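Atoms within each ligand, like the ligands themselves, are counted from 1 in listed order. Source: prediction; values computed, not measured.
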Amino acid sequence: MSLIRAFIALEIPPVLQNIIAQHSAILQKEAPHIVRWVAPVNIHLTLKFLGETSAASLQELVHALAAVTAQQPPFSISVGGFGVFPNPKRPRVLWIGIQAPPELGHLSHAIETACARLGYPAEEKPFNPHLTLGRVREDADQTRLRPALQNYQIGQLGAINVESVTLFRSDLRPQGPSYTALAHIPLAKLDP
Ligand code: ATP
Ligand code: MG
């Protein structure tokens, strides 16, 4: 049985992807090789990593997700701010921040519960939503990167109007992952 590497995420509108791409390009000049940069078209807000799973299980999951998202009216997330995990002295993940209403946390929690019911392992870390720009390579020399990151600022970039969640397939390749949307699962329809 062939397995599919999959995750659930919110997509970023192309206009925001373009703005993020400009910031990414500026930062890349400071550290082109020691960071694995996320291709702007791949930038997303991860809700749940599923790992390797069967097509049948994913089909079941889409049904379960539809029941969850049908309970959640659309909402909006602001995108802006720049930071690193775990801390500026030892940057590992470079990210753009988001400012979200409680609905995002509720949605994440409900998706986590639905996934757990279907046997997907629970996420151990608390939900900490962000948009990953790049990941610093292990054992990289950060002499030039660290001060550049500490001085870099990103203001408010725009909004994501969340109207659906996406189930993505991820194919890992040496030149970087390739994501394919397998299903768009709509949130509740707003009353007219
Ligand atoms: P690469 O692994 O080649 O750097 P990637 O991380 O973008 O590429 P995936 O590993 O397939 O691609 O991950 C897809 C999404 O799931 C990303 O948002 C990633 O951060 C997240 N993710 C991957 N592994 C885990 C994990 N073990 N726990 C939580 N989230 C994960
Ligand atoms: Mg990964």
Side-chain angles (χ1 to χ4, degrees), residues 1-14 16-17 20-21 23-25 27-28 31-55 57-58 61-62 64-65 68-69 77 79 81-87 90-98 100 104-105 107-140 142 145 149 154 157 160 162 164-185:
M1 183 178 63
S2 71
L3 293 177
I4 298 167
R5 184 179 179 92
F7 64 101
I8 302 163
L10 300 181
E11 292 188 41
I12 309 298
L16 259 180
Q17 279 178 341
I20 291 171
H23 284 287
S24 181
L27 280 163
Q28 284 181 40
H33 304 301
I34 73 162
V35 177
R36 283 188 303 117
W37 297 96
V38 178
V41 71
N42 278 351
I43 288 178
H44 59 271
L45 196 162
T46 310
L47 291 172
K48 174 72 183 168
F49 179 69
L50 301 165
E52 311 283 328
T53 182
S54 71
S57 173
L58 286 181
L61 179 66
V62 168
L65 285 177
V68 166
T69 57
I77 297 174
V79 173
F82 173 65
V84 304
F85 291 144
N87 64 67
R90 199 166 61 88
R92 282 273 158 254
V93 174
L94 320 186
W95 49 258
I96 289 185
I98 62 141
L104 179 63
L107 182 61
S108 156
H109 185 259
I111 289 175
E112 191 61 61
T113 305
C115 289
R117 232 178 253 144
L118 292 177
Y120 290 96
E123 178 60 61
E124 283 161 20
K125 291 188 234 153
F127 182 52
N128 189 354
H130 61 276
L131 309 178
T132 299
L133 275 181
R135 300 181 181 92
V136 182
R137 294 183 194 277
E138 296 289 335
D139 67 34
Q142 302 185 350
L145 176 66
L149 295 181
I154 295 180
L157 301 183
I160 307 171
V162 184
S164 63
V165 304
T166 304
L167 174 66
F168 278 105
R169 169 192 183 122
S170 171
D171 293 293
L172 299 183
R173 302 176 307 182
Q175 66 270 32
S178 167
Y179 301 154
T180 311
L182 296 177
H184 293 103
I185 304 134

Inset, instruction - Test Asp171 against Arg169 for salt bridge (charged side-chain N to carboxylate O under 4.0 Å, His left out), laying out the working first. - result: CA-CA 7 Å; Asp171 293 293; Arg169 169 192 183 122; 3.0 Å; yes
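- Atom 10 (O) of ligand 1 has as its closest protein heavy atom Arg5 NH2, 2.7 Å.
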Legend entry - Test log, rule side-chain contact (heavy atoms from CB on, under 4.5 Å), inputs Leu167 and Leu50: CA-CA 10 Å; Leu167 174 66; Leu50 301 165; 3.7 Å; yes
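- Near Arg36, the atoms of ligand 1 lying under 4.0 angstrom from a non-hydrogen atom of the residue are 1 (P), 3 (O), 4 (O).
- Shortest contact from atom 16 (O) of ligand 1 to any protein heavy atom: Phe49 CD1, 3.2 Å.
- Counting the atoms of ligand 1 from 1 in the order shown, those under 4.0 Å from a heavy atom of Glu123 are 28 (N), 29 (C).
- Closest protein heavy atom to atom 17 (C) of ligand 1: His44 NE2, 3.5 Å.
- Near Ser170, with a cut-off below 4.0 Å to any heavy atom, the atoms of ligand 1 are 9 (P), 11 (O), 12 (O).
- Nearest-heavy-atom check against atom 6 (O) of ligand 1 across Gln175, Lys125, Arg135, His130 picks out Arg135.
- When heavy-atom distances to ligand 1 are checked against a 4.0 Å cut-off, Tyr179 comes that close only through its side chain, counted from C-beta outward.
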Legend entry - Glu112 and Lys48: CA distance, side-chain angles, deciding distance, salt bridge (charged side-chain N to carboxylate O under 4.0 Å, His left out) verdict: CA-CA 7 Å; Glu112 191 61 61; Lys48 174 72 183 168; 2.8 Å; yes
Inset, instruction - Show your working on side-chain contact (heavy atoms from CB on, under 4.5 Å) between Leu45 and Val162 and close with a plain yes or no. - result: CA-CA 11 Å; Leu45 196 162; Val162 184; over 6 Å; no
Legend entry - Full working for side-chain contact (heavy atoms from CB on, under 4.5 Å) between Thr46 and His44: CA-CA 6 Å; Thr46 310; His44 59 271; 3.1 Å; yes
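- Ring pair Phe85/His130: centre-to-centre distance below 6.0 Å.
- Near Leu172, meaning under 4.0 Å from any of its heavy atoms, are these atoms of ligand 1: 2 (O), 3 (O), 8 (O), 11 (O), 12 (O).
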